[in-house]
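Proteins come first, then strands; the chains are lettered A, B, ... in the order of their sequence lines, and each starts at number 1. Quick caveat, the model's predicted, so the values are computed rather than measured.
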Amino acid sequence: MGRKAYDNLFKYKMIEELCNGKSSLNIEREYGVKNTTVMNWLRNFIKNGAFDDNALLPKEKLKFEQLREKAAKRELELRLHGTSTSESFEWLLEYDSNLQQWKECAEEWIKTIVRNKDAALKALSNFFKKYVIQYNITSSVQEFISKDYDTPDFYEIIYAERGSQINALNEAKKIVQFIDWITEEKFSVEDDYGNKLTPAEFKNPLTKYLPDSVKSSQRNESDKNVLPYRYIKDIRNILCPPNAICFKDLKFAQSAGDSSRNGGDWFIVDKSVIDKNDPDCVYRFRKTSKYEQTSKGLSDEVYEMWFPGCTVALLIKLLLPLRTYQVRMLDSGEIDTYKYVQSKRNVAGEWIKNNSHLSKGTERNPFERGVLRKFKDKTTQLEMTGFYINTNKTADINKEEFNKGYDIPWQYEEVQYWLAKLR
DNA sequence: ATAAAAGCGAGCTTTCTATG
DNA sequence: CATAGAAAGCTCGCTTTTAT
């Protein structure tokens, strides 16, 4: 490709592109200007100002000055100044000459590192570039570690986005060690026995942001891939559409539970038990086959009702981390003293007296075996509704019937709504 | 087991040289 | 001198290998 000449307008545009975060190589691909050329323009502009400043209006002058400041900042960012190799941290001063103290500390600390120095350098480079410089952290080391100084969450800022959290944690630990070293080495006094004591006004402000552990010890007990959560949500919505408010609305479940061989979730009932006004009473009317008439003695037409139990059980499994066996064993709480009623799908309901003839217990000593359970917060005295799971695998072996199971003190209206309906 | 060290690769910038 | 082109070098976030 032959040599080209570019006008000043184009040059400014490219400089702006750089300032907006593009790399010089990126610009080369997009505009066809050599990356080295663009970098030349940038440096030239920073050094000498506007490309032709003889006829500049005051307004333009100001604009160029602002761009020049931005450009200088960007140039520093782009510059490869040996952050990964330099053990003297001269580059820190290029960013801001006030960082002298930090530079000295870093320089001194890195000398004490014998093993894995490379990683320590990387950690410091990130700490200064992404944290100290970006967030205008105080240039006074003493202020940084003093109790009253407010520090942003360094882990969140530098490491939250990392894919490999175990690596991130390791690097973050090095930064914490660095600050620890400063406090100990620079701001501690020795007691009579030669132990180093840190005065109460100092503390490492970063320690509190360091996660105790990291998910990466994801020791899965299975070597199978996990089903993405998205699918769970999809299935929930198929089984129970977001706008469904009664059993009649669960159309998919009703059709899926229709088996010609064994009836599925549909069972034959006498017409008299059907309440046509109840939206939760799902019924239908169908003609019977010859075979059914002769072998089962049915009449030509029968009424059938839909049993929502299986569907709700499935839904519970999709909403709560329970095993099928646990869901099947849940108690509806027919003999409990109180019962729970909830009229809206997403709004918590209330507890009323259970006036069924099976009801047991007294107000002072209520009977509660049902899956929905009333909890009272000990500190706020607020009442809420959670779950009581009455079976729990091995943990319950040798336990009295009454002590089996466990509580889930968590108010989850979606689940409560359908469970209360089933009752 | 866990930490350190080495290595990799993608995406950059810098340096050096050639050329109109 | 400005620009293109090529090659060398740097950085960073991992992964893999090695050491403790």
Side-chain angles (χ1 to χ4, degrees), chain A residues 1-15 17-52 71-92 94-95 106 109-134 154-178 180-181 210-220:
Chain A
M1 211 190 278
R3 223 187 77 185
K4 280 180 269 181
Y6 302 95
D7 62 14
N8 290 339
L9 225 61
F10 183 77
K11 292 182 186 175
Y12 288 131
K13 196 178 164 198
M14 293 306 107
I15 289 172
E17 286 282 51
L18 279 176
C19 291
N20 291 337
K22 283 195 182 158
S23 70
S24 61
L25 206 63
N26 229 319
I27 289 176
E28 177 177 337
R29 281 192 290 259
E30 191 169 329
Y31 295 94
V33 212
K34 203 66 202 166
N35 66 80
T36 45
T37 306
V38 180
M39 289 308 280
N40 273 341
W41 293 339
L42 181 74
R43 301 232 156 91
N44 190 295
F45 177 62
I46 292 168
K47 200 173 159 205
N48 304 321
F51 293 110
D52 51 346
K73 248 188 195 160
R74 180 67 176 141
E75 195 272 341
L76 215 47
E77 256 176 49
L78 289 173
R79 194 141 92 204
L80 302 175
H81 25 204
T83 49
S84 67
T85 48
S86 160
E87 290 175 26
S88 61
F89 297 89
E90 288 296 339
W91 60 270
L92 255 181
E94 288 172 12
Y95 278 94
W109 181 66
I110 207 74
K111 279 182 194 152
T112 70
I113 304 295
V114 182
R115 305 196 60 198
N116 215 4
K117 195 184 257 185
D118 204 48
L121 276 170
K122 269 185 192 174
L124 281 184
S125 159
N126 271 329
F127 173 64
F128 288 126
K129 276 194 195 168
K130 295 184 180 164
Y131 187 70
V132 176
I133 293 166
Q134 289 294 315
F154 88 110
Y155 193 87
E156 180 72 21
I157 290 165
I158 308 178
Y159 300 111
E161 302 290 312
R162 288 273 184 96
S164 165
Q165 283 292 302
I166 187 75
N167 276 341
L169 183 63
N170 263 330
E171 195 178 302
K173 276 182 188 165
K174 293 202 159 54
I175 295 175
V176 172
Q177 277 165 20
F178 169 55
D180 275 345
W181 177 87
L210 198 65
D212 302 335
S213 65
V214 125
K215 281 186 279 185
S216 83
S217 52
Q218 286 161 346
R219 274 208 194 96
N220 259 331

Rounded to whole angstroms, how far apart are CE on A:Met39 and P on C:dG5?
19 Å
Atom NZ of A:Lys34 and atom P of B:dC16 are separated, to the nearest Å, by 17 Å
Between protein and nucleotides 14-19 of chain C, what N or O pairs are separated by less than 3.5 Å?
{"from": "C:dC14", "atom 1": "OP2", "to": "A:Gly163", "atom 2": "N", "distance (Å)": "2.9"}

CD of A:Glu28 versus P of C:dA6: gap in Å, rounded?
10 Å
Would you call the rings of A:Trp91 and A:His81 parallel, tilted or perpendicular, taking 30° and 60° as the class edges?
tilted
Check ion pair A:Arg74-A:Glu77 (N to O, under 4.0 angstrom)
yes
Counting side-chain heavy atoms from C-beta on, which of C:dA4, B:dT14, B:dC12 comes nearest to A:Leu25?
B:dC12
Is there a side-chain polar atom (N or O) of A:Lys174 under 4.0 Å from OP1 or OP2 of B:dA4?
yes
Pairwise distance NZ(A:Lys11) to CG(A:Leu9) - rounded to 0.5 angstrom
11.5 Å
Answer with base, sugar-phosphate or nothing: what part of the nucleic acid does A:Asn170 contact at a heavy-atom distance below 4.0 Å?
nothing
Here the distance between atom C1' of C:dT3 and atom CE of A:Met14, to the nearest Å, is 15 Å
A:Thr83 side chain near C:dT11 phosphate (N/O to OP1/OP2, under 4.0 Å)
yes
A:Thr37 side chain N/O closer than 4.0 Å to the phosphate oxygens (OP1, OP2) of C:dT3?
no
Can you see if the side chain of A:Trp41 gets near the phosphate of C:dT3 - specifically, an N or O under 4.0 Å from OP1 or OP2?
yes
Would you classify A:Leu78 as touching base, sugar-phosphate or nothing, given that sugar-phosphate means primed atoms plus P, OP1 and OP2, and contacts are heavy atoms under 4.0 Å?
sugar-phosphate
Check the pair A:Ile157 / A:Phe127 against side chain to side chain contact (heavy atoms under 4.5 Å, CB included), numbers first and verdict last.
CA-CA 10 Å; A:Ile157 290 165; A:Phe127 173 64; over 6 Å; no
What is the distance from atom OH of A:Tyr12 to atom CG of A:Asp7, rounded to the nearest 0.5 Å?
10.5 Å
Rounded off to whole Å, could you give me the CG-to-C1' distance for the A:Asp118 and C:dC10 pair?
12 Å
Using the side chain to side chain contact (heavy atoms under 4.5 Å, CB included) rule, take A:Val33 and A:Phe10 through it: C-alpha gap first, then chi angles, then the decisive distance, then the call.
CA-CA 10 Å; A:Val33 212; A:Phe10 183 77; 3.6 Å; yes
For DNA chain B, which residues in residues 123-130 of chain A have a heavy atom at a distance below 4.0 Å?
none
One should read off an interatomic distance between A:Leu25 CG and A:Thr36 OG1, to the nearest 0.5 angstrom, of 10.0 Å
Taking NZ from A:Lys173 and C1' from B:dA4, how many angstroms apart are they, rounded to a whole number?
13 Å
Would you mind reading off the distance between A:His81 atom NE2 and C:dG9 atom P, rounded to a whole angstrom?
19 Å
To the nearest Å, give me how far apart CD1 (A:Ile166) and P (C:dG13) are.
16 Å
Decide yes or no for A:Phe178 and A:Lys174: does some side-chain heavy atom of the first lie under 4.5 Å from some side-chain heavy atom of the second?
no
For the CZ atom of A:Phe128 and the CG atom of A:Leu92, what is their distance to the nearest 0.5 Å?
5.0 Å
Apply the test salt bridge (Lys or Arg N to Asp or Glu O under 4.0 Å) to residues A:Glu17 and A:Lys13: give CA-CA distance (whole Å), side-chain angles for both, the deciding distance (0.1 Å), then the verdict.
CA-CA 6 Å; A:Glu17 286 282 51; A:Lys13 196 178 164 198; 5.9 Å; no
Output yes when at least one side-chain N/O atom of A:Tyr6 is less than 4.0 Å from OP1 or OP2 of C:dA4, else no.
yes
